[in-house]
Amino acid sequence: MTTIEGLDVQKVRADFPILTRTVREGRPLVYLDSGATSQRPRQVLDAERAFLEQHNAAVHRGAHQLAEEATDAYESARARIAAFIGAGPGEVVFTKNATEGINLVAYAMSNSSIRTGLGPESERFALGPGDEIVITELEHHANLVPWQELCRRTGATLRWYSITDEGRVDLDSIELTERTKVVAFAHQSNVLGTILPVAELVRRARAVGALVLLDACQSVPHMPVDLGELDVDFAVFSGHKMLGPSGVGVLYGRAELLAAMPPFLTGGSMIELVRMEHTTYSAPPQRFEAGVPMTSQAVGLGAAVEYINDIGIDVIHAHEIALVRQAVDGLAAVPGVRIIGPQDLTDRGGAVAFVVDGVHAHDVGQVLDDRGVAVRVGHHCAWPLHRRFGVAATVRASFHVYNTPDEVAALVEGVQAAREFFGVVS
Amino acid sequence: MTTIEGLDVQKVRADFPILTRTVREGRPLVYLDSGATSQRPRQVLDAERAFLEQHNAAVHRGAHQLAEEATDAYESARARIAAFIGAGPGEVVFTKNATEGINLVAYAMSNSSIRTGLGPESERFALGPGDEIVITELEHHANLVPWQELCRRTGATLRWYSITDEGRVDLDSIELTERTKVVAFAHQSNVLGTILPVAELVRRARAVGALVLLDACQSVPHMPVDLGELDVDFAVFSGHKMLGPSGVGVLYGRAELLAAMPPFLTGGSMIELVRMEHTTYSAPPQRFEAGVPMTSQAVGLGAAVEYINDIGIDVIHAHEIALVRQAVDGLAAVPGVRIIGPQDLTDRGGAVAFVVDGVHAHDVGQVLDDRGVAVRVGHHCAWPLHRRFGVAATVRASFHVYNTPDEVAALVEGVQAAREFFGVVS
Amino acid sequence: MYQEIILDHYRTPHGAGLREPFDAESFQINPTCGDEITLRVKLDGDTVSDVSYETLGCSISQASASVLTDLVVGRSIEDSMRVLTAFQEMAQGRGQVEPDEDVLGDGVAFAGVARYPARVKCALLGWMAFKDAVVRTAQTQDAAQTQATRDPEEAQP
Amino acid sequence: MYQEIILDHYRTPHGAGLREPFDAESFQINPTCGDEITLRVKLDGDTVSDVSYETLGCSISQASASVLTDLVVGRSIEDSMRVLTAFQEMAQGRGQVEPDEDVLGDGVAFAGVARYPARVKCALLGWMAFKDAVVRTAQTQDAAQTQATRDPEEAQP
Ligand SMILES: Cc1ncc(COP(=O)(O)O)c(C=O)c1O
Ligand SMILES: Cc1ncc(COP(=O)(O)O)c(C=O)c1O
């Protein structure tokens with residue numbers, strides 16, 4: 001295992017209180033489930049607490065000092081997060097999670113499709129029968145079901161790129177058409193670890209005038225991402241997967257698109273003028289943030305970005321890739337283990353899913369859990385992808401900056417132990 | 001000022017770190033803006049932190065020990081909150097705030113109105129031209145704009161009860177009809193403090209077969225509320241107004257209704273079976289909780305309910321009513337001050353809004369702020385109500401368990417000072 | 001959790017495979033992991049005369065289905081429902097419910113599963129399918145009878 | 001924040017009330033508090049010859065509109081836009097921007113407002129209305145000219 005320059009993992013681990021605990025009768029916790037949710041460093045917990053103990057108030061509503069300070073903290077967090085992803089602050093909308101972000105776009109589109117009372121600027125978001133939304137077969141349910149429902153509401157058709165045996169997008173499987181209105185896909189698969197060919201998919205979408213939504217849940221927390229450079233129209237990610245709080249996520253939207261898009265959730269703080277008969281809406285990002293927002297959580301996410309910046313997102317990425325290399329090599333060497341996803345580390349990030357011949361994923365997971373190794377088992381909210389590979393469930397190990405080579409070794413040993421326990425050792 | 005039996009306000013105040021801070025060059029903070037957002041006691045901050053430092057994981061997804069503990073903590077919080085409001089745990093849906101809760105119901109209704117692919121059970125939520133939604137003129141924008149938008153989407157008509165000069169609902173102003181499908185109203189006005197006649201409004205709604213949604217944002221945090229007994233169909237409230245975290249709210253729905261209602265946000269954790277072509281959904285409450293939820297915030301809200309229970313919600317209510325009495329009497333005695341809302345304390349809770357002749361609300365608020373007194377100025381997200389009373393903006397003081405008679409006295413003095421400063425003393 | 005009894009049933013499941021004839025079939029799925037079971041019930045009057053099944057699942061769900069056939073085949077519907085209730089109470093009891101070996105036989109081996117909430121669904125998957133199938137037999141019989149009096153030709157289960 | 005100059009303008013606002021004739025009118029509202037201003041601009045060639053307004057707002061927004069009329073009436077559009085930019089920079093400068101009294105006159109009294117972010121919108125409300133109205137005069141003139149060459153009868157502002 002190569003040591004990554006500039007990263008002292010033990011020092012990092014000391015920032016994460018939960019990593020010192022034990023599970024299942026005294027075993028040290030080996031947390032390999034950051035793809036589901038990451039842990040939080042002290043710095044993030046402290047930032048949120050300091051906000052709540054000193055500055056908490058309703059933002060964008062009050063004129064007293066606390067309200068000013070709270071608004072400041074909230075908007076500074078937005079600016080910091082925007083800079084982190086190569087966006088303008090006005091292009092960052094806070095949502096409760098990435099799922100809400102995708103639903104926001106899908107509902108704004110069906111709202112646009114009901115033209116009563118709307119201006120011409122929302123026309124580009126309108127859909128109807130014959131129009132198409134294109135995704136891929138590897139998507140997380142969050143980037144699949146909202147589009148199915150949008151199609152149900154508008155009469156549009158859902159189509160998808162299929163996935164090759166190597167776990168890559170089969171770019172020849174379908175062709176976009178003039179009727180393709182949205183192309184939505186994951187930046188990195190939460191199961192296979194595959195990094196999708198963003199530039200090529202954007203090029204194809206642009207060629208037919210379709211909007212592009214990038215599900216960046218598994219990329220923004222783990223590698224440098226510049227959304228402006230990637231030239232996507234929308235992107236989403238969640239705070240809880242990037243060392244930040246739960247209850248906060250981000251929808252990125254190009255300024256020009258957010259300005260033209262009708263609202264989704266409506267209520268306080270997103271209005272311009274309200275009468276019983278009719279309401280007009282404020283400019284983005286406020287237009288998309290109805291109600292009292294997840295204030296302290298946004299502040300916490302800002303602190304998470306600062307924490308990541310202090311380490312360096314490229315350092316984190318290099319560290320994780322080294323762990324993936326070790327995991328893929330280690331697991332592939334265990335007889336009967338089949339890795340689902342690319343073994344080649346080109347365009348591949350940190351999620352390693354696998355099956356063990358003769359031992360169900362749940363049972364592998366249980367044996368690992370009894371040894372203190374926390375992984376995820378099941379379909380990982382990507383059921384169609386599992387069906388594609390002919391498996392009901394896989395075991396998935398996923399990493400973040402705090403994981404160590406020793407932990408990966410514990411994973412590989414645990415898988416061997418599971419095979420022994422269930423008597424499938426050859 | 002009467003002392004409320006069993007309440008030691010100084011002891012309570014010691015639980016709230018923010019209350020010890022000073023503002024505007026050393027003045028003690030007098031926080032009278034709990035109607036916008038309340039402050040959090042140490043116990044709530046500690047509970048959330050303990051969860052994050054010991055049990056944090058993705059809920060309802062993992063099979064390892066942390067995931068089990070996190071799921072347990074999350075579901076125990078749900079059960080505790082349900083018990084607090086007289087509901088079953090399956091009737092409590094976690095949302096990001098009350099605003100999302102109302103939007104959830106409104107969007108579930110427009111989703112029902114597009115019948116493609118739905119079963120007969122969702123028919124009762126479907127709307128079309130000629131159908132009516134009824135609210136009142138005193139609603140918060142959160143309980144107005146989502147219904148305007150629902151009407152835009154479905155062709156239904158929005159109607160409303162008007163408000164009397166005393167700030168009460170004028171029950172004779174409109175009649176419900178067989179076409180009335182929803183009656184939605186605040187339990188307590190966030191501006192006037194008026195408590196609405198729930199039983200009578202429910203009776204009228206039932207008589208025409210309409211669904212009832214109660215906006216309980218300003219009641220659940222301040223007085224005993226048993227939603228089962230009130231016999232409403234839906235209710236919403238926010239954690240941040242009841243000593244709990246931001247980023248979490250509750251939608252209550254009668255079990256039978258939630259079971260029949262189609263989903264709103266879609267994605268992970270709310271599905272039963274997912275194929276690329278078609279998805280089926282899980283039972284409530286999960287059906288309405290797409291994506292990784294606000295886990296630690298739900299735990300924090302559970303701790304807030306425990307904190308409130310330890311003091312006693314009736315004790316809190318009595319304490320606040322005493323403060324309201326003092327504020328109404330004190331302010332009414334200042335020449336030129338007009339209280340907007342009932343001066344009579346029958347069916348009235350803790351928000352005191354007023355205007356000062358010759359001094360704009362913003363200027364009153366500024367003078368108060370300079371003295372350390374934090375109140376809210378403006379339309380408090382109830383613009384039509386302000387228009388109804390012929391004022392652009394009011395000053396609003398609102399209370400919670402940690403406020404004291406001295407703080408109310410500081411408010412009254414500050415208002416007098418504002419009059420002197422702007423030279424309108426008679 | 002992995003009692004020897006469970007591993008035995010997992011390695012040599014009793015009554016596995018789908019058989020004909022049957023009165024009703026149920027398909028159940030565990031949404032969190034995608035595990036599946038298809039289970040058939042054949043009644044002989046009021047007695048469960050056969051249970052056959054095909055599972056795609058972990059050791060716990062497979063062993064549980066195997067134990068289920070041991071416990072319910074040959075019993076009356078009423079008795080088998082009593083066993084089901086006892087099994088369910090134990091599995092959902094978070095380790096607090098003392099299982100009765102007289103009622104549950106090999107089923108007591110699953111007491112340990114109750115301490116792993118995420119696995120309780122695995123242990124119950126077959127039982128839920130059994131319950132559902134029994135309900136369906138009742139419905140099919142009702143339907144068959146109602147139909148029979150009206151139009152014998154359409155009375156196919 | 002409440003400088004004596006501000007209070008003076010508040011108590012005796014300059015140029016208040018709506019007057020005719022005017023070339024364009026703008027209505028602006030502050031969504032957080034509901035404050036309103038209606039502001040009219042009359043141009044004489046390139047010079048701002050009158051600004052008249054009606055406000056429903058706090059002392060800051062009223063005084064700011066009063067100072068605005070002092071600062072822009074009699075100036076060229078270009079000059080008045082320069083003043084506007086300076087005023088805006090000061091108001092949004094969070095107390096970090098040193099105002100130039102030569103440019104801003106009584107406007108410098110609003111420097112303190114910059115330290116109260118929630119009040120910045122109040123101070124700017126009138127200025128935003130002025131900017132909008134000036135843009136509208138340009139549009140109306142363009143429109144009038146375009147119209148004039150085509151159909152003189154329709155060329156009403
Ligand atoms: C009566 C009432 N309804 C709804 C809301 C909206 O609550 P939130 O902004 O937390 O969604 C509030 C508070 O802002 C309120 O006071
Ligand atoms: C690729 C991907 N997309 C979307 C999501 C949904 O994120 P959340 O549940 O935080 O909304 C996840 C994680 O669960 C994910 O990994």
Side-chain angles (χ1 to χ4, degrees), chain A residues 17-18 21 23-24 33 36-37 39-40 45 49 52-54 56-58 61-66 96-97 99-100 103 114 116-117 140-142 145-146 148-149 152-153 160 238 240 246-247 265-268 271 274-276 279 290-292 294-297 365 369 374 376-377 381 383-384, chain B residues 17-18 21 23-24 33 36-37 39-40 45 49 52-54 56-58 61-66 96-97 99-100 103 114 116-117 140-142 145-146 148-149 152-153 160 238 240 246-247 265-268 271 274-276 279 290-292 294-297 365 369 374 376-377 381 383-384:
Chain A
I18 203 169
R21 73 161 275 182
V23 290
R24 303 290 179 216
D33 197 17
T37 201
Q39 299 300 342
R40 278 64 140 172
L45 302 177
R49 184 145 189 158
L52 290 168
E53 293 192 346
Q54 290 164 41
N56 181 52
R61 292 195 179 182
H64 51 78
Q65 185 178 343
L66 285 191
K96 68 175 176 178
N97 53 24
T99 302
E100 185 195 340
N103 278 273
I114 300 161
T116 325
H140 188 282
H141 296 162
V145 190
Q148 288 178 334
E149 280 288 313
R152 186 186 77 78
R153 292 195 298 272
W160 52 90
S238 285
H240 67 89
S246 58
L265 300 178
T266 57
I271 56 89
V274 181
R275 298 182 187 278
M276 292 306 285
T279 294
V292 169
M294 50 301 288
T295 326
S296 69
Q297 292 80 18
D369 181 39
R376 186 153 167 207
V377 297
C381 301
W383 206 331
Chain B
I18 204 171
R21 74 161 273 182
V23 290
R24 302 294 178 214
D33 197 16
T37 202
Q39 299 299 344
R40 277 63 138 174
L45 303 176
R49 184 145 187 157
L52 290 168
E53 292 192 346
Q54 290 164 41
N56 180 53
R61 292 194 180 181
H64 52 76
Q65 185 178 344
L66 284 190
K96 68 176 176 177
N97 53 23
T99 302
E100 184 195 339
N103 278 274
I114 300 162
T116 324
H140 188 281
H141 296 163
V145 190
Q148 289 178 334
E149 279 289 312
R152 186 186 77 78
R153 292 195 298 270
W160 52 88
S238 284
H240 66 89
S246 57
L265 300 177
T266 58
I271 54 89
V274 181
R275 298 183 187 278
M276 293 306 286
T279 294
V292 170
M294 49 300 288
T295 325
S296 69
Q297 292 78 20
D369 181 39
R376 188 154 164 204
V377 298
C381 301
W383 206 330

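Given the structure is predicted, the values throughout are model-derived calculations rather than measurements. Order of the sequence lines fixes the chain letters, A, B, ..., with proteins taken first and strands second; residue numbering starts at 1 for each chain.
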Practice prompt. Would you mind telling me which of A/Ala374, A/Ala63, A/Ser296 has the largest number of heavy-atom pairs within less than 4.5 Å of chain B?
Written response: A/Ala374
Discussion item. If you count heavy-atom pairs within less than 4.5 Å of chain B, which of A/Val23, A/Asn103, A/Thr99, A/Thr37 leads?
Written reply: A/Asn103
Worksheet item: A/Asn56 and B/Gln39: side-chain donor and acceptor closer than 3.5 Å?
Response: yes
Fill in: Residue, of B/Ala58, B/Cys381, B/Pro384, B/Gly247, that accumulates the most heavy atom pairs under 4.5 Å with chain A
B/Pro384
Worksheet entry | Option in A/Arg376, A/Arg152, A/Lys96, A/Gln54 with maximal non-hydrogen atom pairs under 4.5 Å from chain B | A/Arg152
Worksheet item: Have B/Thr266 and A/Glu149 got a donor and an acceptor in their side chains that come within less than 3.5 Å?
Response: no
Worksheet item: Can you find a side-chain donor-acceptor pair between A/His64 and B/Asp33 that sits under 3.5 Å?
Response: yes
Worksheet, complete the sentence: Assert top hit (heavy-atom pairs under 4.5 Å, partner chain B, pool A/Gln65, A/Gln297, A/Glu53) equals A/Gln65
Worksheet entry | Atom group of A/Arg21 that falls short of 4.5 Å from chain B, counting heavy atoms | side chain
Worksheet entry | Structural part of A/Arg153 lying under 4.5 Å from a heavy atom of chain B | both
Worksheet entry | Greatest number of heavy atom pairs closer than 4.5 Å to chain B - which of A/His140, A/Arg49, A/Met276, A/Arg275 | A/Met276
Worksheet item: Can you tell which of B/Thr295, B/Leu45, B/Leu52 has the highest number of heavy-atom pairs within less than 4.5 Å of chain A?
Response: B/Leu45
Discussion item. Which atoms of A/Ile271 are under 4.5 Å from chain B, going by heavy atoms: the side chain, the backbone, both sets, or neither?
Written reply: side chain
Worksheet item: Is it the side chain or the backbone of B/Thr116 that comes within 4.5 Å of chain A heavy atoms, both, or neither?
Response: both
Fill in: Selection from A/Pro146, A/Gly117, A/Ala57 maximising heavy-atom pairs under 4.5 Å formed with chain B
A/Pro146
Item to complete: Sort out for me which of B/Ala290, B/Ser246, B/Ser238, B/Gly267 touches chain A most, counting heavy-atom pairs under 4.5 Å.
Response: B/Ser246
